[in-house]
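Okay, structure first, notes after.
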Amino acid sequence: MRSQNFNSDKPLLYLVATPIGNLSEMSPRAIETLQNADIIACEDTRVTGKLLKFFNISKPLVSLREHNEVSEASKLIARILGGEKVAYASDAGYPCISDPGAKLVQLALQNGINISTVSGPNAGLNALVASGLDTTHFYFHGFLNAKESVAKNELQEMIRRKETIILYEAPHRISKTLNLLFETFGDRYACIARELTKQHEEYIRGPLSELVEIDPATLKGEMVIVVDGCKNEIKPDLNNEEIYQMVKNFVGMGMSTKDAIKRVSEIANVSKNQVYKIYHC
Ligand code: SAM
């Protein structure tokens, strides 16, 4: 069923993107939308409260976050259907992107409510476009699972992706994640984009073998990791000598023998058993 957002009687839910650091990136339309709302739903009322104070906006705030998203979304839907104007903003950037909001959108659509997005900054896209890596096709993953074994599986599933990969990470896990990336992807080119739009904005570009050497104490604040996709890495016609050398090179770069064998078996498209035999014979 077709229905235009601004030329119909259908109720609307506004999704408002907010700054990822620099408050000057709050758009005039975002300010206007929040000023015109009857209720502002947000992830954390303290964070959005500060933003609203900065722009002299005073509105009732309702918290909708991961743990209460479904129950709060139902209440908000009822209020929108009752005629109130509702806008939703997460703590920073786009709602629904590694942030709550998707369930609210789904429930709104199921209840005949249209959705309009107020554009704004997104950390992943900022990082991607300045990374120097291929922007034609990209894969956004967001955060890896906090559990290392699950994160390893997630990375394994990405290994053959040709698209540039975008990951979000927290400073206390950056070191571990860079090491996991190096172990899994080998020495691909990558970029750490840190503190975007803020005073200490920094892009660190280089092969993963160099990025893993950075002192983690210097990697503070918020950051995105952009990693090159799989570029001609699958080489099905390697001979035994080449397979042996490749394992040796990975081990020389600091990878465990087990991980190096696994990695080479994926690159060469031969079984781990076979690579193991070639390496140990
Ligand atoms: N919704 C947000 C968006 O559209 O980008 C993402 C929110 S997610 C909970 C927070 C993560 O985004 C951070 O851990 C970091 O990886 C990334 N991020 C947010 N702001 C950033 C910034 N100013 N610089 C670098 N990364 C940032």
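First listed ligand is number 1; within each ligand, the first listed atom is number 1.
- In this structure, C191 and R205 approach most closely via the heavy-atom pair SG-CG, 3.8 Å.
- For a heavy-atom separation below 4.0 Å, the residues in contact with ligand 1 are I20, A92, G93, Y94, I97, S98, D99, N122, A123, F143, Y168, E169, A193, E195, L196, K198, E222, M223, V224.
- With sequence neighbours left out, E32 forms a salt bridge (Lys or Arg N to Asp or Glu O under 4.0 Å) with no residue at all.
- In this structure F54 satisfies the ring-ring contact (aromatic ring centres under 6.0 Å, His included) test with no other residue, sequence neighbours excluded.
- Remark: side-chain polar atoms of T164 are paired, donor with acceptor, to backbone N or O of D134 under 3.5 angstrom.
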Using residues 58-65 as the side-chain source, report each donor-acceptor pair under 3.5 Å to any protein atom, sequence neighbours left out, with the distance given to one decimal.
residue	atom	partner	partner atom	Å
K59	NZ	Q35	O	2.8
K59	NZ	A37	O	3.0
S63	OG	E43	O	3.3

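- Nearest heavy-atom pair, N22 versus P19, reported as atom, atom and distance to 0.1 Å: O-CB, 3.3 Å.
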